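In what follows, a structure is listed as structure tokens, so that the remarks can point back to it.
This one's a predicted model, so the numbers in the text were calculated from it and none came from an experiment. Quick note on labels: first sequence line is chain A, next is B, and so on, each numbered from 1.
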Protein chains: 2
Amino acid sequence: MSIDPNVSGEFSPRQSAVLAEALRLLVEGGDKALTTAGLARAANCSKESLYKWFGDRDGLLAAMISFQQSKVRTAERPGERLTSEALRDHLETFAFDLIEVLSGDVSLALNRLAIGQSSRDGSKLGRLLVEHGRRQIDRRARSLIDAGKRAGLLRFEDADGAYHTLYGLIVSDLHVRMLLGEPALKDNRVQARRAVDAFLTLHGTV
Amino acid sequence: MSIDPNVSGEFSPRQSAVLAEALRLLVEGGDKALTTAGLARAANCSKESLYKWFGDRDGLLAAMISFQQSKVRTAERPGERLTSEALRDHLETFAFDLIEVLSGDVSLALNRLAIGQSSRDGSKLGRLLVEHGRRQIDRRARSLIDAGKRAGLLRFEDADGAYHTLYGLIVSDLHVRMLLGEPALKDNRVQARRAVDAFLTLHGTV
DNA sequence: TGGGAACCGTACCGTACGGTACTTGAATTT
DNA sequence: AAATTCAAGTACCGTACGGTACGGTTCCCA
């Protein structure tokens with residue numbers, strides 16, 4: 001993962017600073033704490049600018065999601081020759097990273113926000129989150145799983161099913177529990193290892 | 001003593017009717033649609049009664065959770081002699097029921113509500129949901145898993161870990177996706193069977 | 001039959017938020 | 001140097017909600 005100070009040009013530096021402050025407010029106090037007046041005060045900008053840049057409050061929320069995800073890029077490993085140990089390593093790293101991402105303050109806050117709005121806006125934010133945020137991590141897992149199969153180290157018929165199995169083994173009900181306010185795990189590496197062990201028992205060839 | 005349709009006796013019939021209406025409003029339009037005035041109008045009661053019965057809005061939300069969970073009781077099967085097929089059947093039934101419960105309108109609405117409030121009230125509603133709502137289903141799964149082990153049909157060291165594995169295999173990211181607004185699965189039985197197959201591959205002795 | 005409790009319907013109050021309009025001041029352009 | 005642009009800051013408006021107060025009605029019980 002690398003931090004990218006928005007080279008994509010979607011948001012100006014000023015706007016990025018405001019969005020960062022908006023995320024800080026959201027993480028701090030939930031969506032009730034994110035008011036237009038409060039954001040303007042905290043970010044030293046005017047409400048009028050907020051409305052000019054983002055349209056309305058929903059536009060601001062959508063921009064916050066885009067902004068956050070423009071900062072998170074998953075490192076894509078180049079395809080090396082896979083050994084059994086390397087595959088296990090990569091899977092564990094993936095599992096660990098996944099738990100870390102899902103446990104992150106900003107991720108939890110944005111997911112809570114989207115879930116809270118899902119009944120009102122027809123899941124617009126939810127779709128944004130799933131499609132943009134998940135795509136990165138999905139692609140990484142898929143390429144890993146496919147590479148494992150090509151190398152003869154994994155066996156499955158349905159790549160999609162295998163990925164969901166892996167995801168479920170890693171996350172279980174942890175995500176929802178954290179969304180509901182439970183503290184994160186003490187050791188994400190243990191959980192990652194257990195999940196990968198199980199996954200390899202199910203789909204490994206060795 | 002009078003016959004009270006409310007099993008727990010925690011709420012009077014009138015209060016139960018109001019809480020049922022509150023759940024209906026919540027399912028229909030999310031937490032923004034659940035206003036005290038709106039509930040009073042929809043349930044033909046006065047706001048004053050709402051405040052007398054439930055204290056304030058948060059008390060109403062907590063009462064809604066208690067009320068809903070007082071209605072849902074999981075059927076506890078008596079302990080019969082377990083065969084391999086019976087265990088698989090019971091596991092699949094459990095998996096199916098779990099998905100059905102999590103996919104339910106009211107469950108999703110209450111989870112969304114608790115998640116939305118989790119940043120504000122110190123996860124009070126979240127704890128209520130997890131502790132009261134989850135306990136039933138947890139106990140059912142635990143007793144099933146333990147019975148499987150006693151019958152020599154399952155092998156594991158950590159019952160807690162085994163249960164979380166089962167849960168993850170069944171649910172994967174389905175719960176969060178539904179909370180974010182995605183439609184439910186087309187066929188929950190297929191998913192249940194797949195999950196139980198994997199679980200028995202991991203922890204079955206046959 | 002009278003009195004009290006519960007409760008409905010409504011009106012009311014304070015507040016807080018989303019969104020708009022206007023003024024001031026600074027920076028950039030011409 | 002004048003003009004134009006951009007944004008900060010503030011004041012304002014309408015609305016909607018949580019919570020309270022009160023008059024009127026029904027029902028129970030003595």
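- Note: NZ (B:K32) to C1' (D:dT15) measures 13 Å, nearest angstrom.
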So which protein N/O to nucleotides 21-24 of chain D N/O distances come out below 3.5 Å?
{"unit_1": "D:dC22", "atom_1": "N4", "unit_2": "B:E48", "atom_2": "OE1", "d": "2.2"}
{"unit_1": "D:dC22", "atom_1": "N4", "unit_2": "B:E48", "atom_2": "OE2", "d": "3.4"}

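- If you measure from atom CG of A:L34 to atom C1' of C:dG18, you get 12 Å, rounded to the nearest angstrom.
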Show me, pair by pair, the donor-acceptor contacts under 3.5 angstrom made by side chains of residues 48-59 of chain B, not counting sequence neighbours?
{"unit_1": "B:S49", "atom_1": "OG", "unit_2": "B:S46", "atom_2": "OG", "d": "2.9"}
{"unit_1": "B:D56", "atom_1": "OD1", "unit_2": "B:D58", "atom_2": "N", "d": "3.4"}
{"unit_1": "B:D56", "atom_1": "OD1", "unit_2": "B:G59", "atom_2": "N", "d": "3.0"}
{"unit_1": "B:R57", "atom_1": "NH2", "unit_2": "B:D31", "atom_2": "O", "d": "3.0"}
{"unit_1": "B:R57", "atom_1": "NH2", "unit_2": "B:L34", "atom_2": "O", "d": "2.9"}

Only distances under 3.5 Å count here; give the side-chain donor-acceptor pairs of residues 172-185 of chain B to other protein atoms, sequence neighbours excluded, each with its distance to 0.1 Å.
{"unit_1": "B:S172", "atom_1": "OG", "unit_2": "A:H164", "atom_2": "O", "d": "3.0"}
{"unit_1": "B:D173", "atom_1": "OD2", "unit_2": "A:R134", "atom_2": "NH2", "d": "3.0"}
{"unit_1": "B:D173", "atom_1": "OD2", "unit_2": "B:R177", "atom_2": "NH1", "d": "2.7"}
{"unit_1": "B:R177", "atom_1": "NE", "unit_2": "B:E182", "atom_2": "OE1", "d": "3.2"}
{"unit_1": "B:R177", "atom_1": "NE", "unit_2": "B:E182", "atom_2": "OE2", "d": "3.1"}
{"unit_1": "B:R177", "atom_1": "NH2", "unit_2": "B:E182", "atom_2": "OE2", "d": "3.4"}

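- In this structure, B:N44 places its CG atom 15 Å from P of D:dT26, rounding to the nearest Å.
- Taking a 4.0 Å limit (strictly below) on heavy-atom distances, residues 51-66 of chain B reaches DNA chain C at B:W53.
- The ring pair (Phe, Tyr, Trp, His ring centres under 6.0 Å) check on B:H203 picks up B:F199, with sequence neighbours excluded.
- No side-chain heavy atom of A:L154 sits less than 4.5 Å from a side-chain heavy atom of A:D146.
- Taking a 6.0 Å sphere around CZ of B:R155, one finds it holds 12 or fewer heavy atoms contributed by other residues, nucleotides or ligands.
- Take B:R41 and apply the side chain to side chain contact (heavy atoms under 4.5 Å, CB included) test, not counting sequence neighbours, and it matches B:A37.
- Around atom CZ of A:R189, no more than 12 heavy atoms belonging to other residues, nucleotides or ligands sit under 6.0 Å away.
- Distance check, rounded to the nearest 0.5 Å: CG of A:D105 to CD of A:E28 gives 11.0 Å.
- To the nearest angstrom, P of C:dG18 lies 11 Å from CZ of A:R120.
- Among the protein residues, B:R41 comes within range of no part of the nucleic acid, since none of its heavy atoms lies under 4.0 Å from any strand.
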